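Note that this is a predicted model, so its numbers are computed, not measured. First the proteins, then the strands, lettered A, B, ... as listed; each starts at 1.
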Number of protein chains: 2
Amino acid sequence: MSTEKAAALPHGVEDPSSAYSLDGQVGFLLRCAYQRASGNLLRRIADHGLTPAQFSVMARLYERGSMSQNRLGRLVGMEPANIRDVVQRLKRRGLLETRPAPDDARRLVIDFSEKGRSLIARLIPLEIESSAQTLASLNPEEQQTLLQLLGRLVEAEDR
Amino acid sequence: MSTEKAAALPHGVEDPSSAYSLDGQVGFLLRCAYQRASGNLLRRIADHGLTPAQFSVMARLYERGSMSQNRLGRLVGMEPANIRDVVQRLKRRGLLETRPAPDDARRLVIDFSEKGRSLIARLIPLEIESSAQTLASLNPEEQQTLLQLLGRLVEAEDR
DNA sequence: ACCATATCGTTATGATCATAACGATATGGG
DNA sequence: CCCATATCGTTATGATCATAACGATATGGT
């Protein structure tokens with residue numbers, strides 16, 4: 001059974017073992033769904049010059065307050081190299097400020113500028129709208145279910 | 001039943017405006033979940049030199065057979081500029097072949113090389129394993145629910 | 001036949017992401 | 001004190017993605 005004839009079939013429609021469907025794979029569905037959600041948010045905040053990734057960094061900082069760059073990255077699911085780039089762009093635009101940590105010379109503490117803090121405060125309602133739009137094809141109970149299941153898929157993150 | 005307001009408010013105040021939680025936003029959860037799924041797949045197929053996006057292109061082509069580059073892109077949720085880059089990389093590695101469409105001088109028809117077809121056939125079982133790993137924290141019924149809800153979120157795609 | 005419109009593929013720019021390799025700094029055990 | 005180990009931030013490379021602008025080709029209405 002190792003050398004199945006499936007390899008020779010163009011589309012594998014006749015073979016029950018190739019009942020595989022890309023549309024039934026979590027990874028693929030998650031990518032499509034994220035693209036949709038990302039687009040919904042981007043359309044609302046692009047005028048303010050933020051991307052979805054930048055928004056999540058700002059929102060997390062708004063929730064939790066100042067912290068080190070690496071920790072901020074972990075809390076939004078970004079690698080150190082990635083969070084660094086995002087922070088640098090936000091800093092260049094005067095939305096974030098950085099300073100060395102007093103107790104640990106390795107750490108870089110990230111904080112808002114006044115401009116940054118007021119911007120994210122104004123943008124959070126737009127993200128709430130965008131979430132509602134993304135979920136619009138589900139009824140409220142289904143929406144809750146989806147959020148709960150997604151949360152459990154991701155549960156092990158550092159929070 | 002409306003869910004408990006389990007969100008622990010730092011100040012114990014019931015200010016609805018501060019009830020916002022990044023962790024409760026679909027877009028953010030979807031990004032984290034996709035990263036996890038993507039990592040699970042990448043760990044399995046990286047040895048064969050494919051990325052998750054490249055995998056989805058190959059899998060779709062395997063399911064549906066030859067088609068134009070733009071249509072292939074739509075069927076995996078990629079913009080024309082994006083699917084072009086992916087196809088070029090796969091072509092450069094001898095996994096895909098392209099030829100002009102006989103009936104429409106604008107179209108570029110994408111097809112497998114033998115090497116490409118046999119590679120994707122061998123990789124699909126790994127993707128099925130990876131999907132199972134991604135969903136491992138949910139029971140079978142919850143897994144079905146999640147897939148169904150995600151499918152409805154994305155429903156309007158060109159299929 | 002003509003023309004407005006749509007589609008296809010391309011180019012360019014900028015942002016996002018993972019990975020690997022690296023130097024600098026803490027930290028804890030011997 | 002010293003060293004192994006871990007963590008922090010950085011650099012570099014390559015892939016993924018959206019957007020905008022563009023030329024070429026189809027297509028449908030008049």
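- A straight line from CD of B:Gln35 to C1' of D:dA15 spans 14 Å, rounded to a whole angstrom.
- Among the protein residues, B:Arg43 comes within range of no part of the nucleic acid, since none of its heavy atoms lies under 4.0 Å from any strand.
- For D:dT30, the paired base is C:dA1 (Watson-Crick or G-U wobble, both distances below 3.5 Å).
- At D:dT10, one or more side-chain N or O atoms of A:Gln69 fall inside 4.0 Å of OP1 or OP2 (strictly under the cut-off).
- Side chain of B:Val86, nearest nucleotide from C:dC17, D:dT16, D:dA18: D:dT16.
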(request) Determine, step by step, whether B:Ser137 and B:Glu142 satisfy the side chain to side chain contact (heavy atoms under 4.5 Å, CB included) criterion, reporting the C-alpha distance in whole Å, the side-chain angles of both residues, the deciding distance to 0.1 Å, and the verdict. (result) CA-CA 9 Å; B:Ser137 57; B:Glu142 292 168 333; over 6 Å; no

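- Considering only heavy atoms from C-beta on, A:Val76 comes within 4.5 Å of B:Phe28 through its side chain.
- With B:Ile45 as reference, B:Leu123 is the one residue of B:Leu119, B:Thr51, B:Leu123 to meet the side chain to side chain contact (heavy atoms under 4.5 Å, CB included) rule.
- The separation between B:Arg36 atom CZ and C:dC17 atom C1' is 16 Å, rounded to whole Å.
- One atom, CG of B:Asp47, and another, C1' of C:dT19, lie 14 Å apart when rounded to the nearest Å.
- Of the two residues near DNA chain D, A:Gly39 and B:Thr51, the one whose nearest nucleotide lies more 5' is B:Thr51.
- To the nearest angstrom, P of D:dT7 lies 19 Å from CG of A:Leu108.
- Residue B:Asn82 has no polar side-chain atom (N or O) positioned under 4.0 Å from OP1 or OP2 of D:dT16.
- Atom P of nucleotide D:dT11 and atom CD of A:Gln88 are separated by 7 Å, given to the nearest angstrom.
- In this structure, the CZ atom of B:Arg84 is 7 Å from the C1' atom of C:dT11, given to the nearest Å.
- In summary, A:Lys91 and A:Asp111 do not engage in a salt bridge, as defined by a charged side-chain N under 4.0 Å from a carboxylate O.
- Close to C:dT25, at under 4.0 Å from its OP1 or OP2, lies no side-chain N or O of A:Arg107.
- A 3.5 Å limit on both hydrogen-bonding distances identifies D:dC8 as the Watson-Crick or G-U partner of C:dG23.
- When the side-chain nitrogen and oxygen atoms of A:Arg106 are compared with OP1 and OP2 of D:dT10, none of them lie within a distance under 4.0 Å.
- For B:Ala105, the listed nucleotide lying nearest its side chain is D:dA26; candidates were C:dT10, C:dC17, D:dA26.
- Remark: C1' of D:dT11 and CD of A:Glu79 are 15 Å apart, rounded to the nearest angstrom.
- The pairing partner recorded for C:dC17 is D:dG14, the criterion being a Watson-Crick or G-U wobble arrangement whose two distances lie under 3.5 angstrom.
- Side-chain contact between A:Arg84 and A:Val87 is absent, with no heavy atoms from C-beta onward closer than 4.5 Å.
- For the pair A:Asp104 and A:Met78, both in contact range of DNA chain C, the more 5′-proximal nearest nucleotide belongs to A:Met78.
- With rounding to whole Å, B:Arg74 atom CZ is found 8 Å from C:dG9 atom P.
- A donor-acceptor pair shorter than 3.5 Å can be found between the side chains of B:Tyr20 and A:Glu127.
- Side chain of B:Ala81, nearest nucleotide from C:dC17, D:dC17, D:dT19: D:dT19.
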